[in-house]
Protein chains: 2
Amino acid sequence: MLKGTLEGCVLRIIDAEETYGYAITRRLNELGFADVTEGTVYTILLRLEKRGLVDASKRPSEQGPPRKCYALNAAGRRELATFWARWDYLSSRINELKESRP
Amino acid sequence: MLKGTLEGCVLRIIDAEETYGYAITRRLNELGFADVTEGTVYTILLRLEKRGLVDASKRPSEQGPPRKCYALNAAGRRELATFWARWDYLSSRINELKESRP
DNA sequence: TAGCGGTACTATGTGAGACAAGGTAGCGTC
DNA sequence: GACGCTACCTTGTCTCACATAGTACCGCTA
């Protein structure tokens with residue numbers, strides 16, 4: 001039902017700033033999604049790329065191997081908007097259920 | 001990440017009132033979870049029963065076959081509490097991410 | 001200069017949850 | 001007796017999340 005939520009979060013992070021897998025993982029961890037690992041993020045990123053929601057480009061790094069930077073394109077922004085709509089709807093339904101008196 | 005949310009909702013509904021699969025499905029639908037089907041609910045119910053979170057009992061129905069009524073037991077109430085804790089944590093993290101300025 | 005730790009990406013396999021699809025059956029009514 | 005509603009269960013499939021493991025670049029230091 002709420003599957004694809006992590007994917008939405010990744011879209012949001014990319015929307016805020018053009019970035020890359022390793023940094024996205026660190027960002028998610030510091031945002032409180034503690035047990036999200038690189039493997040998880042990279043599979044999401046590849047999926048997003050395959051679905052044509054992000055544009056990727058290689059950039060040299062100051063330290064370590066080159067980075068694969070991702071930017072949201074128009075389709076990605078549309079997807080993000082529908083994701084938030086879905087999220088708002090479902091999360092408020094769940095909160096209603098939680099708060100409702102028997 | 002948020003998987004098991006539907007399961008939590010089902011636990012909540014049973015916690016509010018001892019009830020059965022068919023009615024739970026109708027309840028979820030009218031609560032706004034429109035595309036939840038009976039098959040989905042029954043698999044959740046069987047899982048809950050197997051995990052010892054609910055107690056089941058057959059009851060005759062006024063119309064139609066007998067109902068399998070479910071009630072939350074102590075373990076189920078504990079599970080529901082930890083589910084809400086998890087939900088509160090994750091949903092507020094996601095809302096923070098949503099509301100945050102780039 | 002070899003090794004270590006941090007950065008950075010990729011591939012592959014697994015498990016569980018959500019869902020579709022289909023089947024069985026009791027009961028009331030037209 | 002066919003239809004429609006109630007009520008349950010089974011089986012298969014897809015995808016997401018996650019684990020695991022491997023490759024490789026770079027800077028530091030012992």
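Convention: sequence-line order gives letters A, B, ...; per-chain numbering from 1.
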What nucleotide among D:dC16, C:dC19, D:dC18 has an atom nearest to a side-chain atom of A:K3? D:dC16
Flag the pair B:I94 / A:W84 as yes when at least one side-chain heavy-atom distance between them is below 4.5 Å, and no otherwise. yes
Can you list the residues that meet the side chain to side chain contact (heavy atoms under 4.5 Å, CB included) rule with B:R86, with sequence neighbours excluded? B:L90
Rounded distance (Å) that lies between atom P of C:dG17 and atom CG of B:L11: 12 Å
Rounded distance (nearest 0.5 Å) linking atom CZ of B:R12 with atom CD of B:E17: 11.0 Å
Donor on one side chain, acceptor on other, A:T19 and A:R67, under 3.5 Å: no
Short question: side chain of A:T40, backbone of A:V36 - any donor-acceptor pair under 3.5 Å? no
Side-chain donor/acceptor of A:N29 to backbone N/O of A:F33, under 3.5 Å: yes
Of residues 80-98 of chain B, the positions that come close to DNA chain C - non-hydrogen atoms, cut-off under 4.0 Å: none
Can you pull every protein N or O that's under 3.5 Å from an N or O on nucleotides 8-11 of chain D?
from, atom 1, to, atom 2, distance (Å)
D:dC8, OP1, B:K68, N, 2.6
D:dC8, OP2, B:G21, N, 3.4
D:dC8, OP2, B:Y22, N, 2.8
D:dC8, OP2, B:Y42, OH, 2.7
D:dC8, O5', B:Y42, OH, 3.3
D:dC8, N4, B:E38, OE1, 3.2
D:dC9, OP1, B:K68, NZ, 3.1

Once rounded to the nearest 0.5 Å, what's the spacing between atom CG of A:N73 and atom CZ of A:R77? 7.0 Å
Specify the separation, in whole Å, of atom CD of B:E7 and atom C1' of C:dA16. 11 Å
Should B:Y89 and A:L2 be regarded as members of a common hydrophobic cluster, given that ILVMFWY residues are connected when their side-chain heavy atoms come within less than 4.5 Å of each other, either directly or indirectly? yes
Roughly how far, to the nearest 0.5 Å, is CG of A:L80 from CG of A:L53? 10.0 Å
Distance, rounded to the nearest Å, where B:L45 contributes CG and C:dG17 contributes P: 14 Å
Can you check the A:R47 CZ to C:dT12 P distance for me, whole Å? 17 Å
In whole Å, what is the span from the CZ atom of A:F33 to the P atom of D:dA17? 11 Å
Interatomic distance, B:R51 CZ vs C:dG17 C1' [rounded to whole Å]: 11 Å
Distance test, side-chain N/O of A:S61 to OP1/OP2 of C:dA8, below 4.0 Å: yes
Please report, rounded to the nearest Å, how far the C1' atom of D:dC14 is from the CG atom of B:D35. 15 Å
Between P on C:dG6 and CD on A:E62, what's the gap in Å once rounded to a whole number? 18 Å
